[in-house]
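Please read all numbers here as calculations on a predicted model, not as lab measurements.
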Amino acid sequence: MATFQNEQITVVKDNGLVSHVFAETTLRALAGSLVIGHTRYSTSGSANWTAAQPVFRSAGASGFALAHNGNLTNTTQLAEGVGIEYTTMLSDSDLVAELLAREVNVGATLDDALGVVLAKVEGAFSMVILEANRVHAVRDPYGFRPLCLVVWAPPTRRRVDGRL
């Protein structure tokens with residue numbers, strides 16, 4: 001999971017069962033008004049800790065975290081187009097994060113970077129990207145990968161007589 005609070009993104013991730021990675025004490029320590037998360041069964045790329053998601057990049061003011069579900073079909077071409085040897089990347093998620101970070105590092109907003117990078121991406125995917133005070137949710141143009149976005153606000157406390 002990645003959370004945003006006090007102008008900082010915190011990422012907690014690991015391999016294993018969700019109930020083992022996110023014990024109650026870990027969840028209590030993850031404060032933030034914005035949160036993204038992803039569970040990934042490794043079907044491509046690496047199955048080690050560094051390939052776990054969300055992927056973080058320190059580009060821009062507070063960086064961004066990206067969680068991705070899907071398979072990109074043109075990763076080699078995308079990597080070669082910017083001079084990256086794709087075999088050095090951990091996954092297609094890692095490549096997309098790197099491409100976004102490169103755009104942000106030359107002055108683009110994350111909104112603009114998403115427009116540039118996603119116009120070049122082929123395949124089936126959905127992604128959520130967390131940056132300072134914002135969450136972006138995107139999916140492939142055909143909607144092959146499902147995407148669920150939940151906006152939650154804690155319930156207000158009311159006494160039986162209707163007063164707080």
Side-chain angles (χ1 to χ4, degrees), residues 1-15 21 30-153:
M1 287 191 334
T3 64
F4 175 78
Q5 183 174 4
N6 298 328
E7 303 305 314
Q8 180 176 328
I9 293 176
T10 302
V11 176
V12 175
K13 63 182 184 176
D14 206 349
N15 293 338
V21 174
L30 278 173
S33 56
L34 297 172
V35 180
I36 65 168
H38 180 42
T39 57
R40 176 180 181 258
Y41 177 76
S42 182
T43 57
S44 65
S46 179
N48 62 31
W49 179 87
T50 53
Q53 293 188 36
V55 175
F56 179 78
R57 289 294 187 279
S58 60
S62 63
F64 66 87
L66 177 143
H68 163 243
N69 177 28
N71 291 300
L72 305 184
T73 57
N74 65 333
T75 51
T76 303
Q77 297 89 336
L78 289 170
E80 289 173 353
V82 294
I84 298 173
E85 188 174 329
Y86 182 66
T87 57
T88 64
M89 304 306 296
L90 298 168
S91 65
D92 47 6
S93 310
D94 197 36
L95 177 62
V96 170
E98 183 62 26
L99 294 173
L100 289 170
R102 286 175 179 225
E103 292 291 326
V104 170
N105 283 334
V106 296
T109 64
L110 190 54
D111 286 345
D112 293 337
L114 283 164
V116 170
V117 172
L118 293 178
K120 300 174 187 175
V121 169
E122 297 173 4
F125 60 87
S126 63
M127 300 177 201
V128 288
I129 303 101
L130 172 67
E131 69 170 324
N133 295 310
R134 295 182 76 185
V135 174
H136 304 266
V138 297
R139 67 178 190 174
D140 66 81
Y142 304 104
F144 288 132
R145 293 291 180 182
L147 176 64
C148 180
L149 180 64
V150 177
V151 178
W152 180 81

With sequence neighbours left out, write down each residue that passes side-chain contact (heavy atoms from CB on, under 4.5 Å) with [X], or none if nothing qualifies.
{"X": "Thr109", "answer": "Asp111, Asp112"}
{"X": "Ser62", "answer": "Phe4, Ile9, Ala132"}
{"X": "Ala97", "answer": "Val55, Arg57, Phe64"}
{"X": "Asp140", "answer": "Ala124, Phe125, Tyr142, Phe144, Arg145"}

To the nearest 0.5 Å, what is the distance between [atom1] ([X]) and [atom2] ([Y])?
{"X": "Glu98", "Y": "Ile84", "atom1": "CD", "atom2": "CD1", "value": "5.0 Å"}
{"X": "Thr3", "Y": "Gln5", "atom1": "OG1", "atom2": "CD", "value": "7.0 Å"}
{"X": "Glu80", "Y": "Leu78", "atom1": "CD", "atom2": "CG", "value": "10.0 Å"}
{"X": "Leu99", "Y": "Leu114", "atom1": "CG", "atom2": "CG", "value": "11.5 Å"}

- Message: So, using side-chain hydrogen bond (donor to acceptor under 3.5 Å, both in side chains) as the criterion, who are the partners of Arg139 when residues are at least two apart?
- Response: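 Applying side-chain hydrogen bond (donor to acceptor under 3.5 Å, both in side chains) to Arg139 gives none.
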- Item | Test side-chain hydrogen bond (donor to acceptor under 3.5 Å, both in side chains) applied to Asn133 - qualifying residues, sequence neighbours left out |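 Checked Asn133 against side-chain hydrogen bond (donor to acceptor under 3.5 Å, both in side chains); zero matches.
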- Message: Assess, by modelled atom type and distance only, whether the side chains of Gln53 and His68 contain a donor and an acceptor separated by less than 3.5 Å.
- Response: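 Absent: no donor and acceptor within the cut-off.
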Locate the shortest heavy-atom distance separating [X] from [Y]; write the atom from each residue and the value.
{"X": "Ala113", "Y": "Glu103", "value": "CB-CB, 3.5 Å"}
{"X": "Gly60", "Y": "Asn105", "value": "N-OD1, 4.0 Å"}
{"X": "Val11", "Y": "Ala2", "value": "CG2-CB, 3.9 Å"}
{"X": "Pro54", "Y": "Ala65", "value": "CB-CB, 4.0 Å"}

- Item | Test applied, side chain to side chain contact (heavy atoms under 4.5 Å, CB included); reference residue, Met1; option that passes from Val35, Ile36, Val12 |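 Single pass found, and it is Val35.
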- Task: For residues Leu72 and Val96, determine if any side-chain heavy atom of one lies less than 4.5 Å from a side-chain heavy atom of the other.
- Result: yes
- Message: Does any part of the side chain of Met127, heavy atoms only, come nearer than 4.5 Å to the side chain of Leu66, both counted from C-beta?
- Response: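 Yes. Closest side-chain heavy atoms under 4.5 Å.
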- Message: Closer than 3.5 angstrom, by distance alone: can the side chain of Asn74 be matched with the main-chain N or O of Lys120 as a donor-acceptor pair?
- Response: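 Side chain of Asn74 to backbone of Lys120: a pair is present.
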